[in-house]
Amino acid sequence: MTPLIQNKFVEKKKSEKLLNMCNKIRVRFAPSPTGFLHVGGLRTALFNYLFAQKNNGEFILRIEDTDRKRYVSGALENLISTLKAIGLTYDEGPDIGGPFAPYVQSERTGLYKKYAQKLLDSGNAYYCFCSEERLEKLREERRERKLSLMYDGKCRNLSKKEIEEKLEKNAPYVIRLKFPKEGKTVFYDKVREKVEVENNLVEDQILIKADGFPTYHLANVIDDHLMKITHIIRGEEWLSSTPKHIFLYQAFGWELPKFVHLPLLLNPDKSKLSKRQGDVAVESYLEKGYLPEALLNFIALLGWHAADDREIYSLQELEKVFSIKRITKSGAVFDFEKLNWMNGHYLRNLGLKYVAEKAKPFFENAGFDISNKKKYLKVVSMGRKRISNLSEIIAQTEMFYKDLKFSNEEKEIISDENSQKIYLLWIEEISKLQDLSNEDIGNLLKKTSEILSVRGKELYFPIRIALYGKCHGPDLPMIIDILGKDEVVKRLKNLLSV
RNA sequence: GGCCCCAUCGUCUAGGGGUUAGGACGCUGGAUUCUCAUUCCAGUAACAGGGGUUCGAUUCCCCUUGGGGCUACCA
């Protein structure tokens with residue numbers, strides 16, 4: 001390679017890098033902090049995150065809190081901690097800052113007013129002095145006449161003088177978008193392709209409310225532009241207001257981002273997923289002992305699917321294979337059954353120590369002493385095979401940590417002559433055994449069967465009830481291994497006098 | 001009501017002009033020589049309807065129907 005060529009090569013590399021930086025993909029998750037992270041929100045966050053990871057882009061968290069009426073204290077902190085707990089990290093956000101801070105809209109209000117003024121000046125927005133009462137009445141009338149419920153544009157053409165007079169009198173006002181009455185808006189959504197809307201059907205959206213705060217429509221366009229967002233990945237509920245956003249970009253003379261409208265997450269009855277029909281708060285799933293791995297994997301498959309038949313993906317694997325092209329168009333029912341299966345799958349297949357760590361709070365909550373680590377791991381190892389979320393593990397394993405209670409049916413089996421004989425024999429034989437290996441127990445079972453001529457359920461049920469409290473449950477050797485010799489003997493002796 | 005979007009098993013989905021329409025969850029049955037659970041195997045089940053286009057449509061187009069979303073000084 002001659003130096004000249006080498007130089008050219010280096011230069012080319014440099015310019016590519018530069019180009020890359022300019023064109024760097026930037027996406028954002030922009031929830032409004034209404035108290036908790038909604039699973040639909042989590043899905044939106046996930047897809048944004050995955051798209052950024054896949055394309056070496058940046059993922060931004062921005063808080064859309066321009067509705068003061070819906071302010072919930074602590075909601076922001078909660079949102080951030082949930083995102084953290086689930087493992088979705090962002091490159092810029094309210095708690096970590098970034099080059100475009102602040103990332104909380106209520107701290108950016110001055111900005112929005114400035115841009116609204118620009119719109120006013122360029123004739124793309126107007127003052128509206130209509131009262132909420134008039135608007136309500138208008139809608140009522142239109143509803144009766146079965147017309148669209150749009151604002152009638154009363155203030156659209158007020159004279160300068162009229163406006164000035166009202167402003168001087170401190171009349172309350174809002175600022176509305178002056179949306180064109182003619183033509184149509186055509187845009188291309190990455191998921192839905194071409195979408196067309198007649199302009200005269202689009203309302204003169206309020207941009208600045210009477211309290212001076214912007215609405216979503218204004219704030220989100222300004223921030224997305226200022227924060228150099230390249231792809232807007234959001235729920236389908238925003239599809240019909242996209243023409244307004246597009247008009248705003250055009251009015252400001254800004255480059256349009258790419259739009260990606262995700263199919264909605266649905267209730268079993270196919271309506272938009274809501275808390276009326278089950279839990280939608282991510283934190284409550286976490287509290288119930290659903291693992292982040294399972295939640296993320298399950299939710300990734302709602303509205304997206306790889307080309308093959310694979311179902312199980314780690315976050316890292318999703319980051320590699322995710323693509324917008326494979327996002328589906330139709331809404332997806334949030335199927336709790338499948339989530340349960342998937343969570344169970346992760347519970348059984350993730351590292352035992354990891355699962356045991358995750359299970360700890362549940363045992364501590366139940367007041368069990370799990371300081372015997374060896375025993376605890378055995379307990380979790382057994383329990384995790386029979387549950388679909390960690391909150392269920394206590395019911396499966398509590399018999400290893402507290403005294404047994406028996407139903408009348410079980411008491412009958414215990415006091416059965418045959419059972420008593422087994423207990424007597426076992427107390428004697430077990431004491432003789434050095435360690436209680438699977439083999440030892442197998443032999444003892446065989447021996448018992450021969451001496452007392454019992455087998456099958458007659459042999460197993462009395463023992464399992466004595467040691468585990470139920471006739472259905474894990475293999476006897478496993479139960480005995482967890483309990484240990486002393487406890488086994490103790491539990492058997494306990495039942496002798498019954 | 002108006003506008004927009006969507007339409008393959010009950011659910012999540014793959015597929016795509018000619019396929020035995022594939023996988024997963026669920027459900028059912030079987031195996032793992034006590035049960036339960038796990039695991040494995042097998043089975044059940046779908047192209048909403050009607051018109052086109054075509055030699056041939058589940059696949060492309062149109063209509064109908066159905067579902068959903070939006071229609072706030074909420075996001």
Side-chain angles (χ1 to χ4, degrees), chain A residues 30-34 41 64-70 105 128 130-132 135-136 139 142-151 172-176 189 191-192 195-198 200-203 205-217 219-220 234-243 261 263-264 266-272 298 301-312 326 328-342 344-345 348 382-387 396 445 449 455-461 463-464 468 470-476:
Chain A
S32 66
T34 51
E64 312 240 332
D65 60 344
T66 55
D67 185 0
R68 297 197 297 178
K69 285 175 220 140
R70 295 214 297 180
Q105 289 187 328
C128 171
C130 294
S131 68
E132 290 192 54
L135 263 20
E136 187 55 45
R139 271 195 291 272
R142 293 197 155 226
R143 215 189 313 270
E144 270 169 38
R145 289 164 59 196
K146 305 210 166 176
L147 292 166
S148 87
L149 307 178
M150 276 170 45
Y151 175 61
Y173 67 88
V174 301
I175 296 174
R176 280 183 188 272
D189 180 90
V191 174
R192 277 143 239 285
V195 180
E196 286 180 71
V197 184
E198 293 290 333
N200 63 354
L201 266 10
V202 180
E203 184 168 39
Q205 182 65 47
I206 290 176
L207 301 175
I208 299 279
K209 300 178 250 184
D211 65 3
F213 276 71
T215 57
Y216 169 88
H217 307 280
N220 119 84
R234 79 225 305 190
E236 200 200 311
E237 68 265 34
W238 295 108
L239 192 63
S240 35
S241 45
T242 303
H261 286 98
L264 257 21
L266 273 24
N267 289 315
D269 73 354
K270 305 256 187 180
S271 58
K272 189 169 150 186
F298 172 69
L301 263 24
L302 258 26
W304 175 87
H305 203 278
D308 55 25
D309 283 337
R310 203 169 148 195
E311 302 267 343
I312 300 297
R326 297 199 60 85
T328 43
K329 289 182 166 79
S330 45
V333 172
F334 191 90
D335 180 7
F336 298 91
E337 291 291 341
K338 188 158 183 177
L339 204 216
N340 281 338
W341 164 77
M342 194 172 275
H345 174 88
R348 278 170 249 124
M382 184 239 103
R384 69 170 173 172
K385 291 202 182 80
R386 354 177 59 86
I387 56 172
Q396 296 298 330
L445 247 10
S449 178
R455 57 197 172 104
K457 294 175 184 177
E458 289 192 339
L459 169 60
Y460 283 86
F461 280 12
I463 302 173
R464 188 154 25 231
Y468 185 75
K470 288 171 184 162
C471 47
H472 301 298
D475 291 344
L476 242 24

For the side chain of [X], counting heavy atoms from C-beta on, which of [options] is nearest?
X      : options            : value
A:F461 : B:C3, B:G26, B:U35 : B:U35
A:S330 : B:A7, B:G23, B:A14 : B:A7
A:L239 : B:C5, B:U13, B:G23 : B:C5
A:V333 : B:G68, B:C12, B:C4 : B:C12

Taking atom [atom1] in both [N] and [M], compute the distance separating them and give it to the nearest angstrom.
N     : M     : atom1 : result
B:C73 : B:G68 : C1'   : 27 Å
B:U11 : B:G26 : P     : 16 Å
B:G52 : B:A45 : P     : 31 Å
B:C62 : B:C25 : P     : 37 Å
B:U44 : B:G22 : C1'   : 16 Å
B:A37 : B:G30 : P     : 13 Å
B:U53 : B:A72 : C1'   : 46 Å
B:G29 : B:G51 : C1'   : 44 Å

What is the base-pairing partner of [N], counting Watson-Crick and G-U wobble geometry with both distances under 3.5 Å?
N     : result
B:U65 : B:A7
B:A57 : none
B:G1  : B:U71
B:C40 : B:G30
B:U35 : none
B:G16 : none

What does A:G303 touch in the nucleic acid at a heavy-atom separation under 4.0 angstrom: a base, only the sugar-phosphate, or nothing? sugar-phosphate
Just call it for A:D189: base, sugar-phosphate, or nothing, with non-hydrogen atoms closer than 4.0 Å on any strand. nothing
In whole Å, what is the span from the [atom1] atom of [X] to the [atom2] atom of [N]?
X      : N     : atom1 : atom2 : value
A:L301 : B:U11 : CG    : C1'   : 13 Å
A:D309 : B:A24 : CG    : C1'   : 8 Å
A:H305 : B:A24 : NE2   : P     : 11 Å
A:R310 : B:C12 : CZ    : C1'   : 17 Å
A:L149 : B:G2  : CG    : P     : 11 Å
A:K329 : B:G68 : NZ    : C1'   : 16 Å
A:R234 : B:C5  : CZ    : C1'   : 14 Å
A:Y460 : B:U35 : OH    : C1'   : 10 Å

Look at [X] and [N] and indicate whether a side-chain polar atom (N or O) is within less than 4.0 Å of OP1 or OP2.
X      : N     : answer
A:S148 : B:G1  : no
A:R326 : B:G15 : yes
A:R384 : B:U38 : no

Taking atom OH of A:Y151 as the centre, does the number of heavy atoms from other residues, nucleotides or ligands within less than 6.0 Å exceed 12? yes
A:R326, CZ atom: more than 12 neighbouring heavy atoms under 6.0 Å: yes
Mapping A:L476 and A:G331 to their closest nucleotides on RNA chain B, which lands nearer the 5' end? A:G331
Between A:F334 and A:L339, the residue closer to the 5' end of RNA chain B by nearest nucleotide is A:F334
What pair of heavy atoms forms the shortest contact from [X] to [Y], and how long is it?
X      : Y      : result
A:P263 : A:R192 : N-NH2, 3.6 Å
A:K272 : A:N267 : O-ND2, 2.9 Å
A:V174 : A:A210 : CG1-N, 3.6 Å

What's touching nucleotides 73-75 of chain B from the protein side, N or O pairs under 3.5 Å?
from  : atom 1 : to     : atom 2 : distance (Å)
B:C73 : O2'    : A:K69  : NZ     : 3.3
B:C73 : O2     : A:A210 : N      : 2.6
B:C73 : N4     : A:C130 : O      : 3.3
B:C74 : OP1    : A:K69  : NZ     : 3.1
B:C74 : OP2    : A:K209 : NZ     : 3.0
B:C74 : O2'    : A:D67  : OD2    : 2.7
B:C74 : O2'    : A:R70  : NE     : 3.3
B:C74 : O2'    : A:R70  : NH2    : 3.3
B:C74 : O2     : A:R70  : NH1    : 3.4
B:C74 : O2     : A:R70  : NH2    : 3.2
B:A75 : OP1    : A:T66  : OG1    : 2.8
B:A75 : OP1    : A:K209 : NZ     : 2.8
B:A75 : OP2    : A:Y216 : N      : 3.1
B:A75 : O3'    : A:E64  : OE1    : 3.4
B:A75 : O2'    : A:S32  : OG     : 3.0

hbond_proxy A:R464 side chain to B:C34 base (donor-acceptor, 3.5 Å cutoff): yes
Run the side-chain contact (heavy atoms from CB on, under 4.5 Å) test on A:E311 and A:L301 for me, step by step, so that the C-alpha distance in whole Å, both residues' side-chain angles and the decisive distance to 0.1 Å come before the verdict. CA-CA 8 Å; A:E311 302 267 343; A:L301 263 24; 3.7 Å; yes
Do the charged groups of A:R70 and A:D67 touch, with an N to O distance under 4.0 Å? yes
So, A:W341 and B:C25: ring centres less than 5.5 Å apart, planes less than 30° off, yes or no? no
